[in-house]
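Side chains included, hydrogens not; waters and symmetry mates left out as well; all remaining heavy atoms used.
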Amino acid sequence: MLINSQPILFSAIQPSGKLTIGNYIGTMRHWSNMQNKYECLYCIADLHALTTINKKKKIKNEILDTLALYLACGVDPNKSIIFVQSQVYQHSQLNWILSCFSKFSELSRMIQFKVKRKQNSAENSNIGLFNYPILMASDILLYQTNFVPVGKDQKQHLELTCSIANRFNLLYGNVFTIPKPVISQNGSKIMSLLDPTKKMSKSDINKNNVIFLLEDVSSIFSKIKNSITDSDNPPKIYYNTNKKLGISNLLEILSAVTNKKINILEKELNGVLYSEFKNIVSDSISKFLIKLQKSYMIYRNDECFLKKIIQNGAIKARLKSQETLKKVYSAIGID
Ligand code: AQP
């Protein structure tokens, strides 16, 4: 049973490839606990994924993989609404309306658009990539969301969501709730293993940069062994994202998979060599992934159950989002 008096929390991940430990640490690891404090909506953002995926590939399987991972991370369909974005047409409807309240100049400033455009070459960049933040604003605003747990990379998009909502509200009254980001102090931006100046991303062409949640654990040791640290002599393990990017990144990952605070880890790792530190990190990631993957497999093997969750989630999400869409239509006079 959903308790409607709780604040509303919305979070989503694109099924644009295999989910990474960055996705987990930045958002998913918080989802299970959040169900006790909020009315949660967990969305699989397949429309967003269309901006970057290979268009010849069908993402049906990725959607089911993503859902099974949500469940393995402790999302409970009896407590939360879990749904697939494309099955709730209200998202596309509001997307168009909000695009008429968004400015070209503000979208052009979005860092993620600039980064992805570089990766895709100008002629391969589609308009969806540019409009991505408006669809994200629609996702959030449709549910009168109070809180949005995100990684640091999405902060700018959330600020834009608030600007669009405020602009709309200023004209038409309080149609939309203004959402707040929930960005945790640690782990909100897990970096690439071979280049700790850039974010770990599921679409990275170099798979050695990334730890995937469903990858064979036998590859973890070599990925972590080759990860970039520093040449400090004597080697020292402490958290400092200005001076020690690589070490700090590994500490954030270790902290998330062991549930130990970074300052405790720093003490435990005092005097430890980098090679030994990397062994500890690899070992802890592997243990964590083996447990997660075991639970994932149980859910993933039951497609009937997964499809039922998607069906039920869509019904609930449509009902909820329709209330806001109705308000919006009425505000602009197209009801
Ligand atoms: N490296 C990361 N560290 C912390 N949080 C991260 N997130 C993504 N990467 C990291 C957070 O995960 C949520 C869902 O992300 P998404 O898949 O919807 O979009 P994204 O941010 O574009 O993620 P990727 O992995 O980089 O995907 P691709 O490669 O497809 O673009 C978000 O809350 C995000 O902050």
Side-chain angles (χ1 to χ4, degrees), residues 9-35 40-50 52-53 57-87 139 148-151 153-154 182 184 187-188 190 199-204 207 209-220 223 253 256-259 284-314 317:
L9 181 137
F10 178 94
S11 200
I13 294 188
Q14 312 175 66
S16 49
K18 306 289 174 210
L19 301 200
T20 74
I21 204 155
N23 294 127
Y24 172 78
I25 297 175
T27 46
M28 295 163 92
R29 75 174 153 143
H30 305 294
W31 286 0
S32 174
N33 284 341
M34 284 169 165
Q35 297 176 115
C40 296
L41 291 118
Y42 294 121
C43 168
I44 297 173
D46 56 342
L47 294 176
H48 274 114
L50 283 177
T52 51
I53 53 160
K57 209 171 135 196
K58 299 252 183 307
I59 57 169
K60 243 186 200 130
N61 280 331
E62 262 85 4
I63 291 173
L64 295 177
D65 294 349
T66 305
L67 172 56
L69 270 173
Y70 282 16
L71 301 176
C73 287
V75 174
D76 179 348
N78 294 315
K79 290 184 180 168
S80 302
I81 299 178
I82 311 170
F83 69 100
V84 178
Q85 187 184 31
S86 61
Q87 298 196 1
D139 297 341
V148 189
V150 281
D153 60 317
Q154 295 290 347
V182 183
S184 64
S188 60
I190 298 300
K199 191 188 78 151
M200 185 185 283
S201 268
K202 59 175 108 66
S203 56
D204 199 316
K207 302 302 170 207
N209 269 323
V210 184
I211 304 274
F212 295 98
L213 294 177
L214 296 179
E215 82 176 77
D216 193 327
V217 292
S218 61
S219 50
I220 303 294
K223 284 190 178 182
I253 297 175
V257 298
T258 57
N259 261 327
S284 304
I285 295 175
S286 302
K287 280 191 185 129
F288 163 76
L289 288 185
I290 287 169
K291 202 167 155 220
L292 183 79
Q293 289 173 8
K294 219 167 151 187
S295 169
Y296 162 84
M297 282 315 296
I298 295 170
Y299 292 117
R300 188 61 185 89
N301 285 332
D302 192 350
E303 285 206 0
C304 253
F305 178 60
L306 296 179
K307 286 179 179 159
K308 204 148 216 126
I309 291 175
I310 290 177
Q311 269 171 13
N312 289 338

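- Between Leu289 and Leu213, the shortest heavy-atom contact is CD2-O, 3.6 Å.
- We find the CD1-CG distance between Ile13 and Leu67 to be 12.0 Å, quoted to the nearest 0.5 Å.
- Within the model, atoms NE2 of His30 and OG of Ser188 stand 8.5 Å from one another, a figure rounded to the nearest 0.5 Å.
- Taken to the nearest 0.5 Å, the CD atom of Gln35 stands 9.5 Å off from the CG atom of Leu9.
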Verdict with supporting geometry, Lys207 and Glu215, salt bridge (charged side-chain N to carboxylate O under 4.0 Å, His left out): CA-CA 11 Å; Lys207 302 302 170 207; Glu215 82 176 77; over 6 Å; no
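- For residues 15-31, the pairs satisfying salt bridge (Lys or Arg N to Asp or Glu O under 4.0 Å) are Lys18-Asp65, with sequence neighbours left out.
- Note that CD of Glu62 and CG of Leu19 are 9.5 Å apart. Values are rounded to the nearest 0.5 Å.
- Applying the ring pair (Phe, Tyr, Trp, His ring centres under 6.0 Å) criterion to Tyr70, with sequence neighbours excluded, gives Trp31.
- Applying the side chain to side chain contact (heavy atoms under 4.5 Å, CB included) test between Asp46 and each of Ile63, Thr66, Ile53 identifies Ile63 as the sole match.
- Gln154 has its side chain out of reach of Val148: every pair of non-hydrogen atoms, C-beta onward, lies at least 4.5 Å apart.
- Between Thr52 and Ser203 there is no side-chain heavy-atom pair separated by less than 4.5 Å.
- In this structure, Leu306 and Leu71 have side chains that are in contact, with non-hydrogen atoms separated by less than 4.5 Å.
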Step by step, work out the side chain to side chain contact (heavy atoms under 4.5 Å, CB included) result for Cys73 and Leu292. CA-CA 7 Å; Cys73 287; Leu292 183 79; 3.9 Å; yes
